[in-house]
Every structure is written in structure tokens, then in C-alpha cells.
Amino acid sequence: MPRTVYSPEHCLQYLEQYASKEIFAIGLILGQMTDARENVIHLARTPEEKGSEIGIESNYGLDKSEIAKNLSSVSEAWIADHARHVTRMLPGGMFVQGIFVTSDEDVFEDPNCFSKLRSTLNHIYKGLSINEYMFGNCPYSNERLILHMSTSTKVLTCKSLEVGGLNKNTTLKPVEWKFSPKALSWQRLDCYYEFDEIYPVIVKNSGVSVKNQFQQILESAHKIIESSVMFIDGELKDGSESLDQLIKKKKTKTNTKLTQNEAPKSMHVSLFVPYENTLPETVEYLECEGSIHFSGVVSSSVFIYPKATVKEAIAAVKQDIVRSLASRFTMHCDALIDDNLLPEEKICFNEPPRRVLVPVGSLYLCDYLFPGEAPAEALLSVRELLDLKITETDVICDVETPAGAQIFVFLEIILLNHITYSLYKQFSRT
């Protein structure tokens, strides 16, 4: 039985706008895979290659561009870099599912085209595997989609190909691509997760590496979040239940009906990290020169196919929080002039970018704004990376408060003289 993928009709119109003008285009397929169904949410054309170097953050947005006219002139590294940037904008549970192409070439029959597509997909896979905390690759399958629309015949064909790993199987598998005339109704899950941690710092002669400190925080946050228990609307749910079953049970209890056109209300998610039953048998003492106070709130909005299970929803929420942290830390470190904080700097305040929401169809993706940036900055990212035009009023900026008004995600390093810390395994978080 072939793999079936569902997509909104605007994706067909998106492809036709290039195919009708006989324009070569290549880009990313964004979507979500659950046991119940695989849904594509958006197609994002890869921007024209900028500058002479590939994979550098600043390349996006430069004026100089090189227009690719066919597959042979496409840079695999450039498309992989596009996938890395777009993954930061995806909520948990959403992934780059493959690539699309509009061209007059028969990409599945031409050996050179097929080799190029396979190489591109493997570049994307490897690029998204570098940072495990970005959850760049879909954990449920190593098969990626290739969607092609012929600019001459306007025929649409989709196949899948296995990428990554040691398996060198290059067999193409047929995929049935279905367009849905009605917009898909998504179940939204909202969560606010608060961090308030103290970490020890050991200062070397070269100073303190902000990147290394962020990496330690990220590793710790990932362990804590993975060990947490998720409550939906204040209740612990069975992981095998589907989300729409929870909605029906709730409606039955309240004797109210959900009309056909009424969108399901958002579900509130809480993550709890339980106390350990006993204190650790031994306490480790560490001589250090300072501390990191990591404090703030991460806003999470995840969109799940309603027939997905609670277990899948839990995984998506946890992925979203960790992916959001990893995205901010990477962007913040890339923007630093000097990664090292010198020992004579007694107090240093670091504020990674905050999250904003941007609409894509009937759901929201996200972007990040640095301190002092206006919503207009998000419009540039959306246009460049998602090939979408939205207005400044469409950007939802109040999901997280800037640090100037209220403490948000920041890193404060206080350098003192030989403070002794007692390090315990874990503590609770609500």
C-alpha cells in the first residue's frame, strides 16, 4: 500500500504559479507525520543563492544572488542551510518532510537529476542531524518526499526515498498525494514553561565561553523536560487516546456540542518534574569561580492533527520547548562579537531572542526577535524563508515579554572567588 500524504489546495496553486510560467523552482515540503495521517502544511521555495559562501547565517538577505535554472545548478549545501533555518520556525511535531521541484526535466527518470535529488536530501538530513536538540529530522521515518510538477505537462508526481544511515537503498517508492479542498482543523496545545536554574562556572585563562555554557544549559534542560510528566487541561491522560476523543469526552460531560465549523479550543499543557523519592546518597563538591543564573519563560504553541494520540502530542510539546531553546541559543551565539567573557567581567547579562508567532494557513509557525527589533523584522524572515507575504499586524508579539519589562530567557554570569556548590541530581518544576 503506497504512502498517502494530504495537503491543502493552496499548495497545488503554489506549484502551478511556477509551472504555468515554466519557472524552475526548488524548495522544502513542511509537514507532520502521525500514526493517524501525514499532513503537509506548506511549501517553501528556497531563496536564490546569496554571496559566494554557503551555510553562513548572514548570507540570507544579501542583495547579490545567483539564479538556478535547473537541478544541476542547485547547491545542495544551500538548500540544507535553508532547511536548518526553516526548522527553527517550526513548532514541535513539524518537520522538513522533503523537497519539491517544478521543472521540464523528468527528475525520476534522468539519472543525473535523480542523483542530484538524492544528494540534496542527504545533505539536508546530515545538516539537520548536527544539533540533536533541534529535532531536525523526523524520528518516525527516514523516508523523504520528492514532489515534482512538470512545467510542460503540468503532471504532478510524488515519490519517497530513504536517506541517512548505512542503508544505501536508492529505490523510489510511490506516494499518493491528495489535496484537501477544506482547510484542516488543527488541535492547538499551549504551554508556558518556566526556567529558574543556577549553574556553576569554572573560569579558564581564556575566559568563559558563552556557547559552551549555553550547551550545558541545553543538555540539562533536555534531561529535565524529557523526565517530566505532561498534564492536559489539568489532567493526566492515557497516552493511547486520541486528542479528538478527549474533546468528545469533555463535550459529553458539559452537554455541549461542537459544531462542524467551530474550531476546537486550545488545550492547556502543564509539565511537572517529580521530586526524587530520596536525596542522593552522596553530594559532590565543586570549586568554581562563579555562577550562571538562567531564568525566564518559554512560550510553546503546538499544532497537532486531532486524531493524533496523546503520546504524540506529549512528544511534540517537549520537542518544541527544547527546539526553541536550541534555536535561540544558536542565534544568540552567532550574533556575539566575542564568545568569551573575560574573568574581570564581574556581571554579564545575555538576552537571547524572544519568540513571536506568524500565521501560515490555519496554524502558526514562529520567528525570533532580538532585543530592540520590531515585528517588521519577522516579515523579512517569513518572506525570505517561507516565501510568504504577511503584514506587520499578522505577527503575534505578546506570547513572550521582552526582558526589559519582565525577566525572560537570559543568561547572567556572576564571577566571584571560589564559591563552593553542592550539586544534586534534579529538582522539581511545574
Side-chain angles (χ1 to χ4, degrees), residues 3 5 7 26-44 46 54-55 75-101 116-147 158-173 175 215 218-219 221-223 225-226 300 302-305 308 311-331 365-366 385-386:
R3 179 177 174 182
V5 176
S7 163
I26 187 168
L28 307 176
I29 301 172
L30 313 180
Q32 181 180 92
M33 179 184 290
T34 64
D35 289 339
R37 199 166 93 164
E38 183 173 2
N39 295 295
V40 167
I41 62 167
H42 185 61
L43 303 179
T46 299
I54 304 300
S75 167
E76 297 99 325
W78 182 255
I79 299 176
D81 200 43
H82 181 212
R84 180 173 62 87
H85 282 75
V86 168
T87 297
R88 295 176 184 171
M89 307 177 78
L90 298 177
M94 302 281 184
F95 302 91
V96 174
Q97 295 288 75
I99 55 178
F100 74 86
V101 179
K116 189 74 171 184
L117 290 173
R118 184 180 65 220
S119 176
T120 300
L121 287 174
N122 277 294
H123 264 80
I124 294 174
Y125 180 87
K126 291 177 182 177
L128 294 178
S129 300
I130 294 175
N131 187 347
E132 62 177 309
Y133 301 113
M134 285 295 299
F135 297 99
N137 289 304
C138 179
Y140 315 121
S141 173
N142 275 2
E143 289 187 10
R144 297 295 180 264
L145 301 171
I146 302 174
L147 178 65
C158 187
K159 297 181 184 293
S160 67
L161 178 70
E162 187 172 348
V163 297
L166 300 176
N167 190 345
K168 297 190 177 182
N169 182 11
T170 59
T171 304
L172 286 168
K173 298 180 181 179
V175 176
Q215 185 65 22
L218 192 56
E219 292 172 1
H222 176 250
K223 291 179 182 178
I225 291 170
E226 281 300 309
S300 171
V302 168
F303 297 84
I304 301 289
Y305 180 55
K311 182 180 179 180
E312 290 171 325
I314 292 173
V317 172
K318 291 182 178 182
Q319 286 171 8
D320 186 69
I321 296 172
V322 177
R323 177 187 284 174
S324 180
L325 279 182
S327 299
R328 301 168 204 248
F329 289 173
T330 301
M331 294 175 68
L365 304 191
C366 70
L385 299 173
L386 299 179

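Summarising the geometry, atom CD1 belonging to Ile41 is positioned 9.5 Å from atom CZ belonging to Phe303; distances are rounded to the nearest 0.5 Å. Distance CG/Leu145 to SG/Cys158: 5.0 Å, rounded to 0.5 Å. Rounded to the nearest 0.5 Å, atoms CG (Leu117) and CD1 (Ile79) are 8.5 Å apart. To the nearest 0.5 Å, atom OH of residue Tyr125 and atom SG of residue Cys138 are 10.5 Å apart. Rounded to the nearest 0.5 Å, atoms CD1 (Ile304) and CE (Met94) are 6.5 Å apart. Taking CD1 of Ile124 as the reference point, atom OG1 of Thr120 lies at 6.5 Å (rounded to 0.5 Å).
Salt bridge absent: Glu226 and Lys318 never bring a charged side-chain N and a carboxylate O closer than 4.0 Å. We find that Lys173 and Glu162 are not joined by a salt bridge, their nearest charged nitrogen and carboxylate oxygen being 4.0 Å or further apart.
Judged purely by atom type and a 3.5 angstrom limit, Asp320 has no side-chain atom pairing as donor or acceptor with the backbone of Val302. A donor-acceptor pair under 3.5 Å links the side-chain atoms of Glu312 to the main chain of Asp35, judged by distance alone. No donor-acceptor distance shorter than 3.5 angstrom exists from the side chain of Glu76 to the backbone of Ser119, with no hydrogens or angles considered. For His82 (side chain) and Leu385 (main-chain N/O), a donor-acceptor pair under 3.5 Å exists by modelled atom type. At distances below 3.5 Å, at least one donor-acceptor pair connects side-chain atoms of Asn122 with backbone N or O atoms of Gly164.
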Pair His42, Leu386 - check side chain to side chain contact (heavy atoms under 4.5 Å, CB included), show working. CA-CA 8 Å; His42 185 61; Leu386 299 179; 4.2 Å; yes
Evaluate side chain to side chain contact (heavy atoms under 4.5 Å, CB included) for Asp81 paired with His85, printing each intermediate quantity in order. CA-CA 6 Å; Asp81 200 43; His85 282 75; 3.5 Å; yes
Any chance you could lay out the side chain to side chain contact (heavy atoms under 4.5 Å, CB included) test for Ile99 and Leu28, step after step, and finish with the verdict? CA-CA 4 Å; Ile99 55 178; Leu28 307 176; 4.2 Å; yes
Evaluate the side chain to side chain contact (heavy atoms under 4.5 Å, CB included) criterion for residues Phe100 and Ile26: first the C-alpha distance (whole Å), next the side-chain angles of each, then the deciding distance (0.1 Å), finally the verdict. CA-CA 6 Å; Phe100 74 86; Ile26 187 168; over 6 Å; no
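Counting heavy atoms from C-beta on, the side chains of Leu161 and Arg118 come closer than 4.5 Å. No side-chain heavy atom of Met89 sits under 4.5 Å from any side-chain heavy atom of Ser327. The closest side-chain heavy-atom distance from Gln215 to Phe329 is not below 4.5 Å.
Minimum interatomic distance between Leu365 and Leu90 (heavy atoms only, all atoms of both residues): CD1-CD2, 3.9 Å. Summarising the geometry of Gly136 relative to Leu128, their closest heavy-atom pair is O-CD1, 3.5 Å, with the distance given to 0.1 Å. Glu143 and Ser141 get closest at one heavy-atom pair: N-OG, 3.1 Å. Closest heavy-atom contact between Arg88 and Arg84: NH2-NH1, 2.9 Å. The two residues Gly98 and Leu121 make their nearest non-hydrogen contact at CA-CD2, 4.2 Å. Across every non-hydrogen atom of Tyr305 and Gln32, the tightest pair is N-OE1, 3.1 Å.
Side chains of Ser129 and Asn137: a donor on one and an acceptor on the other come within 3.5 Å.
Both cation-pi conditions hold for Arg323 and Phe95: the charged atom is under 6.0 angstrom from the six-membered ring centre and inside a 45 degree cone around its axis.
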